J.: 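Please read through the structure below; I'll follow up with questions.
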Amino acid sequence: MKSITLQSLLDQGQVWTANGASLKPALQGARSTGFEALDAQLSQGGWPAYGITEIHSSHPGQGELQLILPSLQRSPKLWVWLDPPHNPMPQALIRHGITLSQCLLIRTHSPGDALWASERCLQSGCVDTLMSWLRQPPNPSALKRLQMAAERGQALAHLVHHQSNWQLDAGTHARITLHPSDEHGSVTVNLERQRGGRRHAPLQLPLLAMQSERTPVVPSRSAQLSWLDAAS
Amino acid sequence: MSGLYLALCIDDLALAAARLGGAISPCVVVDKGQVIAADPDAEAMGVVPGQSADTALALGNLRLSPRCTATENSLMRATADWAYRHSSWVHCDQERLIMEVGGSLKLFGSLDTLWQRMQTRVLQRVGRCRMGLGPSPAAALQFAQLEWQTLDIEQTREWLPNIPLHSLPLDTSLLLKLQGMGLKSVGELLALPTADLARRFPQALLDYLHRLTGRRPDPRPLWSPAEQFDAWLHLQHPCRTSTALIFPLRHLLEQFEDYLKARQLQCTSLRLGIQQEDRSTITVDLDLGNGANHLNELLEPLKLKLPSIALSDQVSDLHISSASFQPWQANTGDLMSPRHHDTEATLLNALRARLGDDALQGLSCTTDWAPETANRIHAYGQPSRGEVATTLVRPTWLLSEPRPLSEDELLGLHPVRGPERIESQWWQDKGVRRDYQVAWHQGTLMWVYQDLRTHRWYLHGLFG
């Protein structure tokens with residue numbers, strides 16, 4: 001019989017630990033968010049390899065894309081944009097190292113179609129990341145279906161929304177809310193809830209960092225210098 | 001080396017076509033008021049081919065199925081297509097099919113395997129059939145008609161002289177003449193000197209004997225799959241709901257799959273014709289994007305499409321046609337993770353079928369200066385003109401239409417960067433002349449511009 005050790009339990013992520021980040025090594029397959037501070041807070045050391053996360057901001061343009069784009073790895077699979085509030089700008093995406101031919105933009109006409117398309121994309125196995133702007137909150141059973149589809153297709157879904165009254169607690173891996181910060185250029189990122197981890201103090205991340213034109217630019221791969229990297 | 005031929009006589013094609021259309025047992029097929037085929041259950045009731053339809057109705061509680069030659073023809077074509085996958089020498093003549101099998105014995109392992117495969121598939125699709133194996137096409141056909149079945153090639157050679165003369169496809173007068181001479185079997189005829197035979201009988205008899213024994217080549221028109229696919233199915237029970245059509249459609253798509261595999265193609269678009277009893281036809285065009293080759297790949301988009309079709313009356317006939325193909329590209333699965341995943345083409349086909357063709361969009365950009373023309377959103381799958389990287393600061397969200405800014409909003413703007421002048425096509429009136437700025441507005445980073453022609457301010461993008 002296989003013996004159960006404390007480490008094996010921790011590795012499975014079944015046990016919640018008070019000081020999760022220090023005890024548990026980063027799980028394999030997790031993808032870095034591009035922000036070290038956020039990676040440290042997330043229980044898996046980054047976005048999960050597959051699953052569903054919820055990102056909330058009061059309206060579009062709060063740094064939600066800056067949070068997602070660095071984690072889109074170069075993979076042969078598709079990145080699906082489902083019903084985004086505006087059109088993503090191809091020129092800007094290229095500056096973030098995104099291959100346009102892998103981007104699939106889907107426009108649906110009804111909430112039912114949007115949910116169906118989300119599930120179909122997630123379970124297909126040929127989608128890497130789904131970014132979905134749903135118009136109505138998915139009910140718990142729909143959310144469960146999405147979660148199972150994501151597991152089957154090994155895909156990551158970011159449910160981005162701009163309504164404060166949604167309750168998507170069950171099923172999602174993490175819930176992140178974005179608030180404008182007093183300081184220009186940074187956004188308050190609040191990891192409100194996550195599976196297998198605990199709450200942390202809100203972070204200030206330079207998601208909207210727009211530095212002055214004369215500042216010399218240090219070439220860097222990190223997303224902190226998001227807007228200015230390529231401007232040199 | 002002499003060849004080896006397999007012949008099939010398909011007897012119950014009319015019955016098979018009716019069954020494919022959903023007829024249930026006891027099944028009687030009538031044509032012009034005459035019974036032309038009856039299945040065993042109906043035969044047990046006393047129905048035999050040749051009776052009038054009224055007689056058949058009087059014999060029991062039956063539902064007569066009208067004959068549909070179009071369905072029979074597509075069924076026969078599909079059988080020939082399937083045979084074509086096993087041999088390049090296929091001859092199809094009405095309800096008889098002859099194929100050369102000697103050349104590909106190694107491929108099938110043994111004659112036994114091929115025989116089983118043939119029998120199960122043909123039995124499943126066209127019902128009862130007689131099969132025969134022989135050293136020449138004519139001999140194989142003869143054995144099939146006599147139902148002398150064996151898998152032993154030597155045995156067929158021994159049987160050859162025993163073929164009764166009256167079963168040969170020759171003139172009746174000639175057969176009577178032979179009978180008058182006391183000749184009964186092919187062996188007796190072959191025992192006569194060739195010179196005598198040639199003097200006494202027409203050349204046709206000698207020719208046939210030589211073809212039967214394989215001494216003379218027997219060229220026949222060979223089957224090759226049609227350039228376009230066409231299949232027809234007449235429903236014996238009219239269908240009221242569009243979603244229920246998937247069951248009969250499955251039969252047609254199975255035929256289509258055989259056709260595609262025989263020609264090593266994949267289909268890029270498919271047309272489905274639904275004929276209703278009020279004589280109107282609904283045509284559904286299905287775009288399969290990168291192409292589909294498997295039954296399931298063909299079925300899924302149809303399953304998604306069917307619920308959106310509004311029927312005005314009951315459906316009586318289904319028709320599938322396709323003429324746009326491309327060479328088949330096989331996908332190799334991952335050996336290490338045998339988990340079943342869709343291909344990208346399957347996913348796109350499914351999304352297209354349910355959401356419509358215009359729902360899927362792709363992104364590309366050009367070297368143009370004006371943001372509206374440089375950033376293009378187009379139908380997904382269109383070849384893009386390459387990705388042009390820019391060193392300029394651009395927002396991730398681009399509004400589809402620039403939104404005029406109100407006075408209050410204008411006062412709340414805190415410019416951070418700019419201005420960047422964009423002037424395009426100044427030699428034409430439609431060109432733009434704008435000063436773009438990046439500005440803060442209540443915690444949002446905006447991409448705004450002042451139109452230098454009208455001096456009004458607009459919001460054009462958001463940094464997300």
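Only a predicted model underlies this, so the values are computations on that prediction, with no experimental measurement involved. Chain naming here is simple, since letters A, B, ... match the order of the sequence lines and numbering starts at 1 in each.
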J.: Using a cut-off of under 4.5 Å on heavy-atom pairs, state which of A:Gly63, A:Pro180, A:Pro60 scores highest against chain B.
T.: A:Gly63
J.: Measuring heavy-atom distances to chain B, does A:Leu78 have an atom under 4.5 Å in its side chain, in its backbone, in both, or in neither?
T.: side chain
J.: Check whether B:Glu300 gets within reach of chain A through its side chain, its backbone, both or neither, counting any heavy atom under 4.5 Å.
T.: side chain
J.: Salt bridge or not between B:Arg403 and B:Glu409? Use side-chain N to carboxylate O under 4.0 Å.
T.: yes
J.: Let me know if A:Leu104 has heavy atoms under 4.5 Å from chain B in its side chain, its backbone, both or neither.
T.: both
J.: Any sub-3.5 Å donor-acceptor pair from A:Glu151's side-chain atoms to A:Tyr50's backbone N or O?
T.: no
J.: Non-hydrogen atoms of chain A under 4.5 Å away: do they reach the side chain of B:Leu351, the backbone, both or neither?
T.: both
J.: Please determine, among A:Asp113, A:Thr108, A:Val127, A:Asn87, the option with the most heavy-atom pairs under 4.5 Å with chain B.
T.: A:Asn87
J.: Indicate yes or no for a side-chain donor-acceptor contact from A:Arg31 to the backbone of A:Ala49 under 3.5 Å, with no hydrogens or angles considered.
T.: yes
J.: Let me know if A:Val187 has heavy atoms under 4.5 Å from chain B in its side chain, its backbone, both or neither.
T.: neither
J.: When the side chains of residues 455-464 of chain B are checked against the rest of the protein, which donor-acceptor pairs come out under 3.5 Å, sequence neighbours left out?
T.:
| unit_1 | atom_1 | unit_2 | atom_2 | d |
| --- | --- | --- | --- | --- |
| B:His460 | ND1 | B:Tyr436 | OH | 2.9 |

J.: So which residue, B:Thr444, B:Leu348, B:Asp358, ends up with the most heavy-atom pairs under 4.5 Å with chain A?
T.: B:Thr444
J.: When only pairs under 4.5 Å are counted, which of B:His414, B:Glu344, B:Met446 shares the most heavy-atom pairs with chain A?
T.: B:Glu344
J.: For chain A, which of B:Gly362, B:Ser400, B:Ala350 has the most heavy-atom pairs under 4.5 Å?
T.: B:Ala350
J.: Is a side-chain donor-acceptor pair under 3.5 Å present for B:Ser406 with B:Asp408?
T.: no
J.: Could you tell me which residues satisfy side chain to side chain donor-acceptor pair (under 3.5 Å) with A:Gln41, sequence neighbours excluded, listed by chain and number?
T.: none
J.: With under 30° as parallel and over 60° as perpendicular, where do the rings of A:Trp133 and A:Trp81 fit, or are they tilted in between?
T.: parallel
J.: If I measure from the heavy atoms of chain B, does A:Leu69 come under 4.5 Å with its side chain, its backbone, both, or neither?
T.: side chain
J.: Under a 4.5 Å heavy-atom cut-off, does chain B meet the side chain of A:His179, its backbone, both or neither?
T.: neither
J.: Inspect the contact between A:Glu119 and B:Arg354 and indicate whether a charged nitrogen and a carboxylate oxygen are less than 4.0 angstrom apart.
T.: no
